[in-house]
Amino acid sequence: MNIDIQSEAITPRRQTFSHIARRFGVDKPASRYEEATFDVQPSANFHYRPTYGPEFELYDPRRTRIAMADWYVFRDPRQFYYATYNISRAAMQQSFDDAVGFVEKRDLIAGIAPEWRAKVEGCLLPLRHLEWAANMNCQLIADWGYGTQITSAAAFCGTDRLGLAQVISRIGLVLGDGSDEKLAAAKTLWMEAPRWQPLRRLVEDMLVVRDWFETYTAQLFVLDGLVYPLVCDAFDKAGTPHGGAPVSMMTGFLADWFADNSRWTDAVINAASGESEDNRLTLTRWIGHWGGRALEALAPIATEVLGDLGPAALAEARRKLSARIETLGLTLPKELAA
Amino acid sequence: MSRPVSITLQNSQDGIAIADAIMADNPEAERKPFPAMTKIDCPGRLVIRSDSVSLLLGREWDPQEIHMSVISLSGTVDEDDGSFTLFWRQ
């Protein structure tokens, strides 16, 4: 008997969901990222307005001053949806775990000069409270934001921030030989030390901003854009002569994360500023307002860690943020000008 | 006309991105869809640039990852950090 195996090509009747096909055309298979983010935002038939803010619908583009004709221009260059996000973050977590494991196994912490160790405890560990606030801000953007592209990415970013707070806590446990005493001391500093109060006040003011795009700009673009270069570059380099390399091994991950997240924040700010002159003016005003405050709030911390070199390090962080602002086509606000 | 090289890729997220990158970078390439796979033929030489694939995937793509998407290929392989090339030795 002769068996003849034939293959038959079955043409799929649809390549993707109708709402994706309406945007990209019917004959094009969409990527998972596109299917997970485009036009998923509920936009009609809301029954009741929220009791906490009856002037708005449940999902309402008017919750921010930023106006967009299409809310789906905030494409995340990293194309994060559930799977890609988790794969990427699992790899980051693994690299951090490896670094901490290496430092612990060889007791490298013992080789750090005591005065630098005290500085790390006083200036890195309180930042976990800043990360927690950033998580709250990202969740607010996810809640009140409009358009799944920006809200889902913000929810992922919020989870990142909880993870970063845990990363800093873990470093605190390593510095405290497994006890939480360093973390408790860092919280007291955050709550009571005069040098931390301007930053704490700034963070708490940011938590009650009602315009979610302002929260986005203030937290993810301005404050992160100053804090991360300061902590990951300037503080890190200053630790090297004091045997701070083991700390750098554990915090190196923060710089990688910031570079990754900045790809997204730059794309979002760029899309919003490209939309209209009104948006550009609003963004410039927000960046100026929060940038000026952030520089003032970070000054005492930079001086605490770096002494006389603090102002120069902060100026360098400001220069990096200004360079980003200019490549995004925004005017540099006077508060951030040199 | 020079002998065609060819590569057959799975229709996975990565495979589709690689195929899209090939079509963008190799104007003479011809794309043939099959159930669950895509065959691409190209006369003479076919280049897959990791930069192009990285851009489409939104992450760093290493040319070695191609082995997770390839079903079949014909041609001599020249592979480095930035590209994966198929060609025939003269």
Side-chain angles (χ1 to χ4, degrees), chain A residues 5-16 20 24-38 74-92 94-95 149-150 152-153 156-157 160 256-257 259-268 270-271, chain B residues 4 6-42 46 48-74 81-84:
Chain A
I5 300 173
Q6 282 189 323
S7 74
E8 189 170 350
I10 300 169
T11 319
R13 298 191 56 180
R14 292 138 126 331
Q15 297 281 357
T16 181
I20 303 293
F24 296 109
V26 284
D27 53 347
K28 193 181 171 297
S31 73
R32 297 264 162 81
Y33 172 71
E34 288 165 347
E35 289 184 344
T37 52
F38 278 94
F74 298 109
R75 186 183 262 272
D76 178 357
R78 306 163 302 175
Q79 300 186 36
F80 278 162
Y81 61 97
Y82 186 82
T84 44
Y85 173 73
N86 280 297
I87 291 167
S88 146
R89 292 322 187 233
M92 279 191 179
Q94 187 66 51
S95 74
Q149 234 173 14
I150 201 161
S152 74
F156 287 142
C157 184
D160 278 349
D256 296 344
W257 176 84
D260 182 79
N261 206 56
S262 299
R263 290 172 64 204
W264 170 56
T265 45
D266 284 355
V268 168
N270 193 28
Chain B
S6 106
I7 186 165
T8 308
L9 298 156
Q10 299 178 47
N11 285 349
S12 58
Q13 291 288 300
D14 288 5
I16 289 171
I18 297 167
D20 287 346
I22 294 174
M23 296 311 292
D25 290 339
N26 300 273
E28 290 181 67
E30 192 188 347
R31 183 177 192 156
K32 295 171 185 160
F34 288 95
M37 61 185 189
T38 300
K39 184 168 188 283
I40 296 176
D41 295 328
C42 190
L46 182 151
I48 302 169
R49 283 180 226 291
S50 62
D51 287 352
S52 313
V53 184
S54 299
L55 197 68
L56 289 169
L57 280 176
R59 63 176 176 85
E60 282 298 306
W61 183 81
D62 187 313
Q64 292 194 8
E65 288 181 52
I66 200 167
H67 299 293
M68 295 195 285
S69 305
V70 160
I71 293 171
S72 175
L73 52 81
S74 74
D81 288 348
S83 65
F84 183 98

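Everything numeric in this text was worked out from a predicted model, so none of it was measured.
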*asked:* Tell me if the CZ atom of A/Arg32 is crowded by more than 12 foreign heavy atoms within 6.0 Å.
replied: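 Not more than 12 within 6.0 Å, no.
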*Spacing of CD1 belonging to A/Ile87 relative to CZ belonging to B/Arg59, to within rounding of 0.5 Å*: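 It comes to 7.5 Å.
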*Look at B/Leu55, B/Leu56, B/Ile16 and state which one has the largest set of heavy-atom pairs under 4.5 Å with chain A.*
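Top count of heavy-atom pairs under 4.5 Å with chain A: B/Leu56.
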_Nearest heavy atoms of A/Gln79 and B/Gly58, plus distance in Å_ =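 In this case the closest contact between A/Gln79 and B/Gly58 is NE2-N, 3.7 Å.
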